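The model shown is predicted, which means the values in this text are computed figures rather than measured ones. Residue numbers begin at 1 in each chain, while the letters A, B, ... track the order of the sequences.
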Number of protein chains: 2
Amino acid sequence: VSKANIICVGDELLHGAIADRDGAMVASFLRRSGIVATRIVMVGDDYRAIAAELAAASARCDLLVVTGGLGPTSDDQTRDALGFFVGQAVEFDEELWMEIQRTLGRKLRGSNRSQACRPALFSPLLNARGTAPGLIGEVGGCRVVALPGPPGELQGMLDNHGETIVAGLGEYVRIDSVFSVFGVPESRLEDAMRDISRESDSDRVEWHTRAEPYRIVLRLAGGTEESRAERSAELARRIGPQRLAADETTIAAVVIDELRVRGLRLAAAESCTGGMIGSLLTSVPGASDVFWGSCVTYANDAKDRVLDVRSVAEHGAVSEETVREMVGGVLRLAGVSAGIAVSGIAGPDGGTDEKPVGTVWIACALEGKVAAERFQLPGDRDRIRRSATVEALVMLRVMIGGIV
Amino acid sequence: VSKANIICVGDELLHGAIADRDGAMVASFLRRSGIVATRIVMVGDDYRAIAAELAAASARCDLLVVTGGLGPTSDDQTRDALGFFVGQAVEFDEELWMEIQRTLGRKLRGSNRSQACRPALFSPLLNARGTAPGLIGEVGGCRVVALPGPPGELQGMLDNHGETIVAGLGEYVRIDSVFSVFGVPESRLEDAMRDISRESDSDRVEWHTRAEPYRIVLRLAGGTEESRAERSAELARRIGPQRLAADETTIAAVVIDELRVRGLRLAAAESCTGGMIGSLLTSVPGASDVFWGSCVTYANDAKDRVLDVRSVAEHGAVSEETVREMVGGVLRLAGVSAGIAVSGIAGPDGGTDEKPVGTVWIACALEGKVAAERFQLPGDRDRIRRSATVEALVMLRVMIGGIV
């Protein structure tokens, strides 16, 4: 397996004001290509310091990727560092200067001329998104590649020149399938994917995950279309098909689409989620033709006044009776045929032996049918509320789709 | 000026799935202490690789901070790397084992015993937030400090042991004043702070900002209590005192506190924010005695049915008339004396020449008085909705407090 090092250049990375994103982006690209990144080094805008890192790193790896320091100002010293490192002058390349302007489709000023300079040992890699071309060269058995630092330009360079960058060292794989996963802990998803990868004897499929507040984005790369479809089908069997969707989407967008297709409208009644269900549903542009609204009846008198809930005194605000009354109340008020209601104990206070923090009741209604379920959700207040939001929408998706 | 290197340990940092936060956190701490970080290196969970980085880095700096790799599993190899680096065995320290359990206030299992192991050259730094103590030692003119990787624990270690870590190398400045800033763009806040710093001839006060979805956290460090108070008072004059609060808090928590003190209850009526106001208010534990609830009347028929809003046909859903009717409607329904109502065009569609995307009307009511205001908010759908949420609560704060 080929080994790689990554050097990220920029004084700002050493100030602590911003965290580096380029290193992770390159590392993820290399991993997909079957190349192991063994070190990432961040260094300031100083050509001698950069050259010292180039020398140290190139001696211990097959591929060295440098990001940043290719801008037009005197702060940008990566080109000088490459020249110093290989003992060559950094010279203006008239042809490259023309080529940069052709690629960009506009004339550049003199201040950008430095970006058309390079040591002779390095060939340019054209940048479709900016003025800084990349540089690539072989130095004593190590391929050295310098790429622009702005994340959008860097991603474009990896997409356009990925094959050239890893040629002969790894196998360049395009990211082919993206999925969203709802309400599954990241560790459980990773265990499932590891398991599925181990059992599979089909061709190599790489995967990685990115956790966000209401979903995990799962990327499958490499292999054939069939082998990737097999993996996602097996994942659906393990976590439940209602917890998986194609592309980067949210459970709210999925539910809204499915309701729209069926010509149904949805109303919500929320207690512990406090408006998070409404907020997630309305994060989808154009939700208003499907989503009627949400009654956030946080205080108990609100439940009674707005939704005619009578069960709180006898059964408590967090009970099957209460959420069934909540969903019934909001359906009557809205005059729509799909509804969800949530009431739970998000903590940190309010838990009892019988109903500890994390106890959440959810009721869903669809065209006359009503279902209610009790959940015991882990984590702190914020995590319990987010999980309750996702579980309510997942439960509704099951009712709508007849999935499971 | 003393020079520092930072080594961040963890295979996950080289996979590209997550970006490093520890390096930036330590760099920011060092910067405040007047120490220059010249390199940050990320390396995997392998004691030989870590030891090689320790050797290379310690030769070129006065302070070497290592983060991560101090957990209890076999993946955690920073302790072994330190031992290998200085040529000492890593031995169990009975006293430290007792001390860790005393600090945590509970018994630990055997699997955590490795965290009480250390090479004799390194002394422990107790960790108030976790099971992994830090380690500190002097190796050939370089101070080497290993700290736990989870960001919350790392921040705690820098807060509690910062003075020890930089003693003799830099000047430790406690972060003395923390503020939350609401509804001010980060660039405007930074311009204001730069401006204030330039004009001030008082002693050195360092500042830095951290942007989050509903606030920016501003930290002032160094100087005297008076000079810091002067800076924050000047900032309040520039951005408006209603947009500033002491400590890490939210505008929702500030408003809830101010209502609680006055014995008032609050109800909301939301359209474009879709539940975000309710969600932010209920993120405050114990909100239920102040916050009645929110009517998320997203569809126009919901505004009519729930809140008796009649103005939509004549004036449009985004109009002064509509938000005044919304706030009046929710006050009647809830029987409380404080209310806010928001209706706007969050986009991407729905804008017109007269009411472009970003047009938001907000009404606030308090004990019989009602005010309404039109806003033109920048950004995409998500940013407009978040800004509308913050502006509604800022406007209510002004009404409650008689600030301005």
Side-chain angles (χ1 to χ4, degrees), chain A residues 13-21 23-31 37-44 49 53 56 208-210 270 272-279 281-283 285-288 291-299 301-302 305-306 333-335 347-349 381-382 385, chain B residues 13-21 23-31 36-44 49 53 56 208 265 270 272-279 281-283 285-288 291-299 301-302 305-306 333-335 347-349 381-382 385:
Chain A
L13 302 174
L14 301 173
H15 288 176
I18 63 161
D20 171 64
R21 291 162 59 195
M25 193 186 293
V26 174
S28 163
F29 161 78
L30 293 173
R31 189 174 158 79
T38 57
R39 295 165 80 228
I40 303 176
V41 181
M42 281 166 224
V43 65
E53 298 296 343
H208 72 115
T209 62
R210 186 179 81 235
E270 305 183 56
C272 67
T273 50
M276 294 171 101
I277 293 175
S279 172
L281 285 164
T282 58
S283 69
S288 59
F291 182 54
W292 175 85
S294 177
C295 294
V296 181
T297 52
Y298 200 65
D301 62 319
R305 273 193 192 229
V306 181
L333 181 62
D349 303 318
R381 182 176 176 88
D382 189 45
R385 281 156 38 96
Chain B
L13 302 174
L14 301 174
H15 288 177
I18 63 163
D20 173 64
R21 291 163 58 193
M25 193 186 292
V26 173
S28 163
F29 161 79
L30 293 173
R31 189 173 158 80
V36 174
T38 57
R39 295 166 80 228
I40 303 177
V41 181
M42 281 166 224
V43 64
E53 298 297 342
H208 71 115
R265 289 177 82 202
E270 304 182 57
C272 68
T273 49
M276 291 170 102
I277 293 176
S279 173
L281 285 164
T282 57
S283 69
S288 60
F291 181 54
W292 175 85
S294 176
C295 295
V296 181
T297 52
Y298 200 66
D301 62 318
R305 273 191 190 230
V306 182
L333 181 62
D349 304 318
R381 182 177 176 85
D382 189 46
R385 284 159 32 99

Could you look at A:Ala302 and say if it's the side chain, the backbone, both or neither that has a heavy atom under 4.5 Å from chain B? both
Is the side chain of A:Arg305 donor-acceptor paired with the backbone N or O of B:Leu333 at a distance under 3.5 Å, no angle test? yes
If you compare all heavy atoms of A:Ala27 against all heavy atoms of B:Leu14, which two are closest, and at what distance to 0.1 Å? CB-O, 3.3 Å
Greatest number of non-hydrogen atom pairs under 4.5 angstrom with chain A, of B:Gly293, B:Cys295, B:Ala56, falls to B:Gly293
Is it the side chain or the backbone of A:Ser288 that comes within 4.5 Å of chain B heavy atoms, both, or neither? both
Can you see which heavy atom on B:Arg381 is nearest to which on A:Ser283, and at what distance? NE-O, 3.5 Å
Got A:Ser279 and B:Glu270 here, is their nearest side-chain heavy-atom distance under 4.5 Å? no
Chain A contacts, top residue of B:Asp301, B:Thr273, B:Thr297 (heavy-atom pairs, under 4.5 Å): B:Asp301
Look at B:Ala49, B:Gly286, B:Ser294, B:Ala334 and state which one has the largest set of heavy-atom pairs under 4.5 Å with chain A. B:Ser294
Report which part of B:Arg31 has an atom under 4.5 Å of a heavy atom belonging to chain A: side chain, backbone, both, or neither. side chain
A:Val296 side chain near B:Val296 side chain, heavy-atom distance below 4.5 Å: yes
Tell me, for A:Met25 versus chain B, whether the close heavy atoms (under 4.5 Å) come from the side chain, the backbone, both or neither. neither
Go through the atoms of B:Ala287 and report whether side chain, backbone, both or neither lie under 4.5 Å from a heavy atom of chain A. both
Do you know which of B:Pro348, B:Gly347, B:Pro285 has the most heavy-atom pairs with chain A at a distance under 4.5 angstrom? B:Pro285
Pick one of side chain, backbone, both or neither for A:Thr38, based on which atoms fall under 4.5 Å of a heavy atom in chain B. backbone
Using a 4.5 angstrom heavy-atom cutoff, name the option from B:Gly278, B:Gly274, B:Gly335 with the most pairs to chain A. B:Gly274
Region of B:Glu53 in contact with chain A, defined by heavy-atom distances below 4.5 Å: side chain
